[in-house]
Amino acid sequence: MTHHTRLPSAVLVDGASHLVFPLAPDPSWPAIAEAKGFDLITRVTDRYRCVLRCHACGTKAVVRINVLRDHQPLCHGCIYQRRATAALALGAELIAADAGSRHYGHSRLRCGHVVRRQYLRVEKAAAGGHAIDCEACREIRYGTEARHFGWTLDGPARGRRPGYRSYRHGCGHAQDVSIGNMAWGDASCGACAQNWAGKPSYVYLFKIDLPGLPVVKMGYSARPAKRLRHQLGIARGVRTEILRVMLLSSGNAAVREESACHRAMRERHAHLIVPKPMFGDAINTQGRCDPCQPAIQYLGLGR
Ligand SMILES: [Zn+2]
Ligand SMILES: [Zn+2]
Ligand SMILES: [Zn+2]
């Protein structure tokens with residue numbers, strides 16, 4: 001048995017049913033639609049609307065008749081195709097339209113992250129041969145850079161300065177550092193700097209046998225052996241020795257004592273001081289060195 005319905009005639013557009021409007025289209029409309037890349041199917045809903053079908057992709061759309069007459073109707077099927085193709089050219093997959101703005105869509109990048117981007121920017125990037133930058137990957141990279149220097153990326157900066165992030169030092173202290181500085185390890189931990197001033201430190205006396213210029217060098221450091229071996233940039237063949245270290249209760253105290261020693265040297269034994277130009281880059285220090293024997297006696301007699 002055959003079933004007949006008495007529903008009025010309707011057109012399906014994008015899964016929704018639109019009632020055919022029982023009035024013949026103006027005879028000029030089919031030609032107008034044709035010239036603009038569409039077939040006129042029928043009038044729907046009311047006397048202001050019709051259904052067009054795109055020549056290029058076959059997608060049907062409900063369009064206002066004044067748009068058909070006075071403007072270029074857009075095919076959303078073609079627009080979607082164009083955007084998806086642009087995304088694909090960038091190695092991405094357009095997966096969703098943005099709920100908030102019709103100018104934005106969501107794409108899954110090659111790395112697996114999903115980004116929200118303006119369609120226009122994606123199409124421009126594709127046309128210009130550029131890539132889509134992935135924020136998630138960028139943050140991962142910042143974290144990797146920081147780890148080389150004993151820091152971890154903590155998250156957005158607490159302050160409002162652009163180009164900054166909050167990083168956590170190995171000691172547990174977190175602070176804002178510029179991304180650019182961190183990439184070069186150019187960050188000093190506020191907490192450690194403070195602790196350093198309050199932690200025990202040493203005044204040291206090194207013997208450094210530079211060729212033809214044996215000297216002693218006095219200074220302060222929390223780790224004199226490390227300073228001698230790694231920080232002074234002394235050539236491998238040069239014989240060095242730690243003659244003496246004196247433990248002081250804090251970094252501040254060490255700085256104070258070191259300055260007092262240098263002052264005493266300047267006042268009482270100025271002729272023994274070797275100025276920087278004499279040893280040049282052989283020892284990587286801002287200060288001066290003192291020729292051997294008398295300086296040892298000097299520090300030995302001191303506190
Ligand atoms: Zn189309
Ligand atoms: Zn990514
Ligand atoms: Zn620290």
Side-chain angles (χ1 to χ4, degrees), residues 11-15 32-41 50-63 67-68 71-88 90-97 102 105-117 119 121-123 125 130-154 158 165-177 179 181-182 185-201 222-223 226 250-251:
V11 187
L12 267 184
V13 176
D14 212 7
I32 295 173
E34 180 75 24
K36 293 183 176 178
F38 296 87
D39 291 327
L40 177 73
I41 305 300
C50 65
V51 170
L52 300 182
R53 185 174 52 218
C54 172
H55 285 169
C57 71
T59 300
K60 280 184 287 188
V62 177
V63 174
V67 171
L68 168 65
H71 304 278
Q72 172 62 49
L74 299 174
C75 171
H76 291 284
C78 284
I79 291 173
Y80 169 80
Q81 235 356 285
R82 200 184 67 211
R83 290 169 176 171
T85 306
L88 212 61
L90 297 168
E93 182 195 359
L94 181 60
I95 53 170
R102 66 196 175 88
H106 298 261
S107 301
R108 183 181 287 111
L109 304 184
R110 229 181 250 133
C111 57
H113 295 124
V114 174
V115 296
R116 175 181 180 270
R117 283 291 184 283
Y119 293 123
R121 282 189 48 203
V122 174
E123 287 179 52
H130 305 301
I132 307 183
D133 193 26
C134 173
E135 293 92 347
C137 283
R138 209 167 55 200
E139 297 301 312
I140 290 169
R141 199 175 67 237
Y142 294 159
T144 308
E145 287 167 354
R147 275 200 297 282
H148 290 147
F149 303 105
W151 297 77
T152 46
L153 180 65
D154 205 37
R158 286 138 196 240
R165 292 289 182 280
S166 172
Y167 294 92
R168 191 170 295 278
H169 191 228
C171 70
H173 169 75
Q175 73 188 55
D176 286 359
V177 178
I179 294 161
N181 283 349
M182 186 54 84
D186 191 5
S188 85
C189 170
C192 286
Q194 270 179 15
N195 291 346
W196 167 83
K199 272 184 186 162
S201 192
R223 282 180 286 177
K226 186 181 174 199
S250 71

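Computed from a predicted structure; not experimentally measured. We count ligands from 1, going down the list as the structure has it; atoms in each ligand are counted the same way.
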- [ ] Please lay out, stage by stage, how Arg147 and Thr152 fare under the test side chain to side chain contact (heavy atoms under 4.5 Å, CB included).
- [x] CA-CA 5 Å; Arg147 275 200 297 282; Thr152 46; 4.2 Å; yes
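Here the protein contributes His169 ND1, Cys171 SG, Cys189 SG, Cys192 SG as N, O or S atoms under 2.8 Å from the Zn ion (ligand 3).
Between the side chain of Glu123 and the backbone N or O of Arg82, no donor-acceptor pair lies under 3.5 Å. With hydrogens and angles ignored, the 3.5 Å screen pairs no side-chain donor or acceptor of Gln175 with any backbone N or O of His169.
Nearest N/O/S atom of His113 relative to the Zn ion (ligand 2): this is ND1.
For a distance bound of 2.8 Å, the N, O or S atoms of Cys75 include one lying that close to the Zn ion (ligand 1).
In plain terms, the two heavy atoms of Lys36 and Pro73 that are nearest each other are CD-CD, 3.8 Å.
With contacts defined as side-chain heavy-atom distances shorter than 4.5 Å, the pair Cys137/His113 qualifies.
A salt bridge is absent between Asp154 and Arg165; no separation between the charged side-chain nitrogens and carboxylate oxygens falls under 4.0 Å. Using a 4.0 Å cut-off between charged nitrogen and carboxylate oxygen, Glu135 and Arg117 count as a salt-bridge pair.
Rounding to 10 degrees gives 120° for the angle at the Zn ion (ligand 1) between SG of Cys57 and SG of Cys78. The angle that Cys111 SG and Cys137 SG make at the Zn ion (ligand 2), rounded to 10°, works out to 110°.
The local environment of OH in Tyr80 is sparse, with at most 12 non-hydrogen atoms from other residues, nucleotides or ligands closer than 6.0 Å.
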